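Written below as structure tokens is the structure these notes are about.
For clarity, every value in this text was computed on a predicted model and none was experimentally measured.
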Amino acid sequence: GGSQPGPGQEVSVKVLGALEDGGLVERDPRLTFVPGHGDVVQALELGVPTMQPGEVSFFLAAFPYAYGHPGSRRCARREPDVPPEAPLLFEVTLLEVRDGSDPLPPAARLRLGSQRRERGNFHFARGDFAAALRSYRLALRALDGPAAAPPGPQEEEELREQRVKCFNNCAAAEIKLQRTAEALEDCEAALRISPDNGRALLRRGQLLAQQGRDAEAALVLRRALELDPASKVIHDELSRLLKRRSPAAQT
């Protein structure tokens with residue numbers, strides 16, 4: 001019952017995915033996404049907009065519409081890996097259709113942000129950095145979206161931590177895409193939320209050095225070293241920078 005999802009609307013689905021031999025490789029009791037944003041596999045992007053709320057559908061997806069040539073490694077997930085070039089059978093239940101601008105309670109914003117960030121990590125691990133960046137930006141949109149209720153102290157802290165992770169991940173993807181200025185903006189956004197975040201400080205120092213802003217880079221790296229004196233990476237970065245700035249290196 002109800003209308004099919006319209007452009008820009010957000011859907012929540014229950015998903016089961018199985019290999020041809022019946023082995024279960026996908027299980028998500030509530031996957032939320034906006035069709036057309038490229039945040040899920042193509043089988044769901046194309047299939048779910050044809051459904052109505054409450055409907056259960058089966059989609060037999062050739063591998064380009066599932067996990068493609070490389071398949072998928074699940075690492076810490078309970079489900080097994082998806083082999084390369086594997087077709088999948090998806091059982092999908094459309095649970096809900098809502099406008100993307102509708103306010104969400106803090107717990108739902110956190111869940112949606114985490115889901116999209118993990119999806120970005122999946123794309124990043126496969127080397128699809130543009131798709132990873134898109135998922136990270138969608139995660140930030142969920143975390144910063146309209147709230148149905150003010151978050152409690154713990155939820156507020158979790159929202160801050162997730163935002164920092166997303167901005168750091170955006171910076172990593174921008175670096176892979178060779179967009180230094182955008183990566184630097186993401187590092188600075190992370191540091192506005194968490195001024196002592198070690199990963200953002202290190203990456204900002206590296207990016208400033210790449211732009212030839214050595215004095216600024218040295219200050220940032222020294223601050224990172226104060227927070228993590230045992231870090232070999234920071235020691236090496238600072239050492240390289242200081243050697244480059246020394247008079248002997250300039251002659």
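Heavy-atom neighbours of Y65 OH from other residues, nucleotides or ligands within 6.0 Å: at or below the threshold of 12. In the displayed structure, R141 atom CZ is contacted under 6.0 Å by at most 12 heavy atoms of other residues, nucleotides or ligands. The local environment of CZ in R117 is crowded, with over 12 non-hydrogen atoms from other residues, nucleotides or ligands closer than 6.0 Å.
Nearest approach of L19 to P83, heavy atoms of both residues: CD2-CD, 3.7 Å. The shortest heavy-atom contact between E10 and L112 is OE2-CD2, 3.5 Å. Contact record, L110 with L143: CA-CD2, 4.3 Å, taken as the closest heavy-atom pair. Of all non-hydrogen atoms in G38 and E45, the two that sit nearest each other are N-OE2, 2.7 Å. Between D39 and S135, the shortest heavy-atom contact is OD1-OG, 2.9 Å. For the residue pair P53 and V97, the shortest heavy atom distance occurs at CG-CG2, 4.1 Å.
Taking 4.5 Å as the limit, some side-chain heavy atom of L184 sits within range of a side-chain heavy atom of Q211. Taking the side chain as every heavy atom from C-beta outward, L133 and K176 never approach each other to under 4.5 Å. Residues C187 and L201 fail the side-chain proximity criterion, which asks for heavy atoms closer than 4.5 Å. Side chains of E185 and L207 form no contact here, defined as non-hydrogen atoms less than 4.5 Å apart. By the 4.5 Å heavy-atom criterion applied to side chains, R179 and F129 are not counted as neighbours. No side-chain heavy atom of V11 sits less than 4.5 Å from a side-chain heavy atom of V34. The side-chain heavy atoms of Q4 and P49, taken from C-beta on, include no pair separated by under 4.5 Å. At least one side-chain heavy atom of F33 sits less than 4.5 Å from a side-chain heavy atom of L44.
Every salt bridge (charged side-chain N to carboxylate O under 4.0 Å, His left out) that E188 has, sequence neighbours left out, goes to R204. Among residues two or more places apart in sequence or in another chain, the side-chain contact (heavy atoms from CB on, under 4.5 Å) test is passed with F63 by H69, E85. Partners of A132 according to the side-chain contact (heavy atoms from CB on, under 4.5 Å) rule, which considers only residues two or more places apart in sequence or in another chain, are H123, F124, Y136. Applying the salt bridge (charged side-chain N to carboxylate O under 4.0 Å, His left out) rule to E161 yields no partners; only residues at least two apart in sequence or on another chain are considered. Remark: D144 engages R163 in a salt bridge (charged side-chain N to carboxylate O under 4.0 Å, His left out) (not counting sequence neighbours).
Checked against the 6.0 Å centroid criterion, the rings of F122 and Y67 qualify as a close aromatic pair.
Atom CG of L31 is separated from atom CZ of R116 by 9.5 Å, given to the nearest 0.5 angstrom. To the nearest 0.5 angstrom, N169 atom CG is 11.0 Å from E118 atom CD. Separating the CG atom in D196 from the CG atom in L191 is a distance of 8.5 Å, to the nearest 0.5 Å. The NZ atom of K14 sits 7.0 Å away from atom CD of E91, with the distance rounded to the nearest 0.5 Å. Rounding to the nearest 0.5 Å places CG of D186 at 9.5 Å from CZ of R203. In this structure, the separation between SG on C166 and CD on Q162 is 6.0 Å, given to the nearest 0.5 Å.
L221 and V233 fall within a single hydrophobic cluster, where Ile, Leu, Val, Met, Phe, Trp and Tyr are joined by side-chain heavy atoms under 4.5 Å apart, directly or via other members. V25 and V40 end up in the same hydrophobic cluster when Ile, Leu, Val, Met, Phe, Trp and Tyr side chains are linked at under 4.5 Å.
With hydrogens and angles disregarded, no donor-acceptor distance shorter than 3.5 Å links the side chain of E216 to the backbone of R213. Using a distance-only test at 3.5 Å, with no hydrogens or angles considered, a donor-acceptor pair links the side chain of R160 to the main chain of I193. Side-chain N or O atoms of E26 include none that pairs as donor or acceptor with a backbone N or O of A18 at under 3.5 Å. Of the possible polar contacts, one joining the E55 side chain to the Q52 backbone as a donor-acceptor pair under 3.5 Å is found. Remark: side-chain polar atoms of T50 are paired, donor with acceptor, to backbone N or O of G47 under 3.5 angstrom.
Between E174 and R137 a salt bridge is recorded (basic side-chain N to carboxylate O distance below 4.0 Å). Ion pair R240/D236 not flagged as a salt bridge, since none of the NZ, NE, NH1 or NH2 atoms sits closer than 4.0 Å to an Asp/Glu carboxylate oxygen. Between E237 and R222, none of the side-chain N atoms (NZ, or NE/NH1/NH2) sits under 4.0 Å from a carboxylate O, so this pair counts as no salt bridge.
Note on residues 119-131: no pairs pass salt bridge (Lys or Arg N to Asp or Glu O under 4.0 Å), not counting sequence neighbours.
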| Derivation and outcome, side chain to side chain contact (heavy atoms under 4.5 Å, CB included), residues T32 and R111 | CA-CA 9 Å; T32 302; R111 176 184 50 77; 3.5 Å; yes
| Could you walk me through whether Q154 and E158 pass the side-chain hydrogen bond (donor to acceptor under 3.5 Å, both in side chains) check? | CA-CA 6 Å; Q154 183 176 346; E158 290 178 9; 3.2 Å; yes
| request: Given salt bridge (charged side-chain N to carboxylate O under 4.0 Å, His left out), test R109 with E155 step by step and report yes or no. | output: CA-CA 10 Å; R109 290 164 61 198; E155 291 170 327; over 6 Å; no
